[in-house]
Amino acid sequence: MEIILDSKPNCSACKRTKLLLQALDVSYEERDVLENESYMTEAKATGLSAMPIILAGEEILSGFQPAKLQELFGSL
C-alpha cells in the first residue's frame with residue numbers, strides 16, 4: 001500500500017506522525033505542501049485542513065491520530 005504524507009515544515013503534528021510511522025516501520029512518501037504547489041492543491045482537494053494529511057489506500061487521515069495509525073499499521 002502506498003502511503004503519502006502531506007506535511008509542512010515546523011508542524012509538530014507532522015513531526016509526531018513521522019516519528020510514529022518510523023516506529024511502526026511504515027514506509028511513506030513525504031510531500032512538503034509549501035515547496036510544491038501541486039502538493040498543496042492535492043491536499044486541499046481532500047477537503048481536510050489539519051496537517052499532516054495521510055493518504056493510505058482508501059483511508060485519508062488528518063492531524064496526528066496515533067490510535068488510528070496503530071490500527072492501520074500495527075502496534076508497537
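Taking each heavy atom of S62 and L48 in turn, the nearest pair found is CB-CD1, 3.7 Å. Smallest separation of non-hydrogen atoms from P52 and F64: CD-N, 4.3 Å.
In the hydrophobic clustering of this structure, L69 does not group with I4; members are Ile, Leu, Val, Met, Phe, Trp, Tyr whose side-chain heavy atoms approach within less than 4.5 Å, directly or through other members. Using a 4.5 Å cut-off between side-chain heavy atoms of Ile, Leu, Val, Met, Phe, Trp and Tyr, with links allowed through other members, L19 and L72 fall into different hydrophobic clusters. Clustering ILVMFWY residues whenever any of their side-chain heavy atoms sit less than 4.5 angstrom apart, transitively, puts Y39 in the very cluster that holds L34. Both L20 and M1 are part of a single hydrophobic cluster, where members link through side-chain heavy atoms under 4.5 Å apart. If you chain together hydrophobic residues whose side chains sit under 4.5 Å apart, L55 and I3 never meet in one group.
Of the inter-residue distances, the one linking L5 atom CG with L21 atom CG reads 6.5 Å to the nearest 0.5 angstrom. A distance of 10.0 Å separates CD in Q22 from OG in S27, rounded to the nearest 0.5 Å. From Y28, atom OH reaches atom NZ of K18 across 6.0 Å, with rounding to the nearest 0.5 Å. Going from atom CD1 of I53 over to atom OG1 of T17 covers 11.5 Å, rounded to the nearest 0.5 Å. The distance from the CG atom of D6 to the CE atom of M51 is 6.0 Å, given to the nearest 0.5 Å.
Dense packing is recorded around CD of E29, with more than 12 heavy atoms of other residues, nucleotides or ligands lying under 6.0 Å away.
Applying the side chain to side chain contact (heavy atoms under 4.5 Å, CB included) test to E71 and every residue at least two apart in sequence or in another chain returns K68.
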